[in-house]
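Each ligand, and each atom within it, is numbered from 1 in the order the structure gives.
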Amino acid sequence: MNIVLLGAPGAGKGTQAQKLVADYGVAHISTGDLLRAAVKAQSKLGKEAKGYMDAGQLVPDQLVIDLVKERLEEDDAKKGFILDGFPRNTDQAVALDGELEAMGVNLDAALLVDVASEVIISRLSSRRTCKDCGYTAPAGVDTCPRCGGEMYQRDDDKPETIARRLDTYKNQTEPLVEYYGGHGILKTVDGDRPVDEVYADVKTLLGL
Ligand code: AP5
Ligand code: ZN
């Protein structure tokens with residue numbers, strides 16, 4: 001299974017990816033998680049990325065493309081991967097196609113988790129994220145069910161930044177729906193239902 005997850009911030013990409021990874025053992029490649037780890041480690045990449053992330057803007061393409069290429073070459077990605085949060089614009093999608101072609105790997109599907117903006121704003125405002133492993137859950141969960149780490153509110157899950165992330169999505173990422181539609185691999189799931197109902201449809205759409 002080699003798939004790309006598309007959808008607005010807070011649509012539930014990470015939530016569905018967590019379930020697919022637990023059930024099918026594929027690699028979860030989340031550029032948001034990779035970038036937040038770089039920020040936490042205060043690496044050169046992290047220092048460069050932080051300002052863009054706090055502003056709800058995309059980190060420059062080349063930084064993210066290099067990060068994904070490196071991650072795709074790791075052993076666990078050979079068993080299959082879920083790209084979560086990448087690509088996020090047409091240039092990134094074209095770079096991904098080139099990289100996968102060079103690796104001799106096909107994308108099986110681009111799965112759009114479709115959710116209206118009003119739902120997104122309330123989900124993101126109440127989201128908590130694990131400091132150690134990136135697991136996400138609604139507010140009220142204080143200890144990570146996966147690793148026992150502390151749950152916190154992401155800096156970019158504040159109302160002003162959420163609005164900017166939604167704008168960035170509409171202007172730069174939404175055109176990818178058409179891009180993958182044109183490649184004949186787009187599948188759409190209604191993400192505004194309970195997590196397990198969405199997941200059941202995801203599995204059907206992916207033929208799992
Ligand atoms: P990133 O971390 O990718 O953030 P995002 O796309 O904004 O996505 P989220 O993680 O916010 O949402 P999600 O869809 O995974 O939702 P989740 O499952 O957590 O990116 C952050 C930043 O990094 C970007 O702004 C950018 O600066 C930078 N960046 C990342 N990738 C980049 C790239 N490729 N290029 C350039 N820059 C990049 O769910 C949200 C909440 O809702 C949770 O609390 C969850 O429990 C709950 N929930 C989920 N599903 C349901 C459901 N069905 N019903 C009810 N609640 C639900
Ligand atoms: Zn954790």
Side-chain angles (χ1 to χ4, degrees), residues 4-20 28-39 45-46 48-68 71 82-93 95-96 111-116 119-158 161-169 172-174 176 189-202:
V4 160
L5 284 178
L6 292 174
K13 304 181 294 295
T15 300
Q16 296 300 320
Q18 282 168 185
K19 296 182 87 62
L20 287 166
H28 181 194
I29 306 181
S30 157
T31 41
D33 286 352
L34 293 169
L35 289 168
R36 277 183 291 281
V39 170
L45 167 66
E48 217 167 328
K50 188 174 188 315
Y52 296 98
M53 296 172 77
D54 288 347
Q57 291 169 354
L58 295 184
V59 171
D61 288 341
Q62 206 50 52
L63 297 179
V64 186
I65 290 168
D66 289 346
L67 194 63
V68 170
R71 185 65 186 83
I82 299 170
L83 281 167
D84 168 7
F86 181 93
R88 252 185 160 88
N89 60 27
T90 311
D91 286 347
Q92 292 184 12
L96 176 64
L111 179 71
L112 170 67
V113 184
D114 196 18
V115 176
V119 179
I120 301 275
I121 293 166
S122 93
R123 276 190 194 176
L124 288 181
S125 323
S126 70
R127 171 170 63 180
R128 297 296 177 268
T129 302
C130 174
K131 272 200 163 121
D132 297 321
C133 78
Y135 189 91
T136 54
V141 179
D142 298 325
T143 307
C144 173
R146 187 160 68 183
C147 79
E150 188 194 331
M151 304 292 281
Y152 79 113
Q153 183 173 38
R154 267 169 51 177
D155 288 342
D156 61 352
D157 279 349
K158 309 277 158 62
T161 320
I162 293 172
R164 270 186 253 126
R165 286 162 63 201
L166 278 169
D167 278 349
T168 305
Y169 175 75
Q172 300 193 51
T173 311
E174 215 164 49
L176 292 183
V189 66
D190 173 5
D192 190 9
R193 290 171 306 143
V195 172
D196 287 334
E197 281 182 32
V198 177
Y199 186 52
D201 277 7
V202 164

Charged N to carboxylate O under 4.0 angstrom, D157 versus R165? yes

Under a 4.5 Å cut-off applied to non-hydrogen side-chain atoms, are Y135 and C147 in contact? no

Among all protein heavy atoms in this structure, tell me which lies nearest to atom 30 (C) of ligand 1, with the distance rounded to 0.1 Å. R88 NH1, 3.3 Å

Could you tell me, atom by atom, which parts of ligand 1 come under 4.0 Å of a heavy atom of V195? 50 (N), 51 (C), 52 (C), 53 (N)

Just verifying a value: how many Å separate T31 OG1 and I65 CD1, rounded to the nearest 0.5 Å? 11.0 Å

Within-4.5 Å side-chain heavy-atom neighbours: M53 and V39: yes

Side-chain heavy-atom pair V59, R88 within 4.5 angstrom cut-off: no

Look at R193 together with D201 and state whether they make a salt bridge at an N to O cut-off of under 4.0 Å. yes

Give yes if a backbone or side-chain nitrogen or oxygen of P87 is under 3.5 Å from a nitrogen or oxygen of ligand 1, and no if not. no

In the protein, which heavy atom is nearest to atom 28 (C) of ligand 1, and how far is it? L35 CD1, 3.6 Å

Taking distance alone, with no angle check, do V59 and ligand 1 share an N/O pair under 3.5 Å? yes

Could you check Y152 against R128 for side chain to side chain contact (heavy atoms under 4.5 Å, CB included), going step by step and ending with a plain yes or no? CA-CA 5 Å; Y152 79 113; R128 297 296 177 268; 6.0 Å; no

Check for me whether A8 has a heavy atom closer than 4.0 Å to any atom of ligand 1. yes

L166 versus I120: any side-chain heavy-atom pair under 4.5 Å? yes

Distance-only, no hydrogens or angles: does the Q153 side chain make a donor-acceptor pair with backbone N or O of S125 under 3.5 Å? yes

Short version for D156: what comes under 4.0 Å of ligand 1, heavy atoms counted, is side chain

Taking the side chain as everything from C-beta on, heavy atoms only, tell me whether L20 gets closer than 4.5 Å to Y199. yes

Restricting to heavy atoms, the pick from R154, K19, E197 nearest atom 21 (C) of ligand 1 would be R154

In terms of residue, atom name and distance, what is the protein heavy atom nearest to atom 31 (N) of ligand 1? T31 OG1, 2.7 Å

Touching ligand 1 at all, A137? Heavy atoms, strictly under 4.0 Å? yes

With a 4.5 Å limit on heavy-atom distance, are the side chains of T15 and V195 in contact? yes

Which atoms from ligand 1 have a heavy atom of Q92 less than 4.0 Å away? 33 (C), 34 (N), 35 (N), 36 (C)

With a cut-off of 4.0 Å, which atoms of ligand 1 are near a heavy atom of G14? 13 (P), 15 (O), 18 (O)

If we number the atoms of ligand 1 from 1 as shown, the ones under 4.0 Å from a heavy atom of T136 are 19 (O)

Numbered in order shown, the ligand 1 atoms found under 4.0 Å of a heavy atom of G191 are 53 (N)

Where is the nearest protein heavy atom to atom 16 (O) of ligand 1: which residue, which atom, and how far? G12 N, 3.3 Å

Salt bridge check, R36 against D33: does any charged N sit closer than 4.0 Å to a carboxylate O? yes

Heavy-atom contact check, 4.0 Å cutoff: does Q18 meet ligand 1? no

Which is closest to atom 34 (N) of ligand 1 in terms of heavy atoms, P194, S126, G85, A139? G85

Tell me, which protein residue and heavy-atom name are nearest atom 8 (O) of ligand 1, and how many Å apart are they? K13 NZ, 3.3 Å

What is the closest protein heavy atom to atom 48 (N) of ligand 1, and at what distance does it sit? R123 CD, 4.0 Å

Atom 7 (O) of ligand 1: closest protein heavy atom, distance to 0.1 Å, is R165 NH2, 2.7 Å

Minimal heavy-atom distance between Y52 and L58, with the atoms involved, is CD2-O, 3.5 Å

Determine, considering heavy atoms only, which of R164, R127, M53 sits nearest to atom 22 (C) of ligand 1. M53

Within the 4.0 Å heavy-atom shell around R193, which atoms of ligand 1 are there? 52 (C), 53 (N), 54 (N)

Would you mind listing which atoms of ligand 1 come within a distance below 4.0 Å of any non-hydrogen atom of P138? 44 (O), 46 (O)

Among all protein non-hydrogen atoms, which one is nearest to atom 18 (O) of ligand 1, and what is the separation to 0.1 Å? T15 OG1, 2.6 Å

Show the numbers, then the answer: is there a side chain to side chain contact (heavy atoms under 4.5 Å, CB included) between V4 and L83? CA-CA 5 Å; V4 160; L83 281 167; 4.1 Å; yes

Given side chain to side chain contact (heavy atoms under 4.5 Å, CB included), test M151 with T129 step by step and report yes or no. CA-CA 5 Å; M151 304 292 281; T129 302; 5.7 Å; no

Give the single entry among R36, R128, Q57 that approaches atom 27 (O) of ligand 1 most closely by any heavy atom. Q57

Indicate the atoms forming the closest heavy-atom contact of L96 with P87, along with that distance. CD2-CD, 3.9 Å

Is it true that Q16 lies under 4.0 Å from ligand 1, counting heavy atoms only? no

When only distance counts, is F86 in polar contact with ligand 1, meaning an N/O pair under 3.5 Å? no

Quick one: the SG of C144, the Zn ion (ligand 2), SG of C147 angle, rounded to 10°, please. 110°

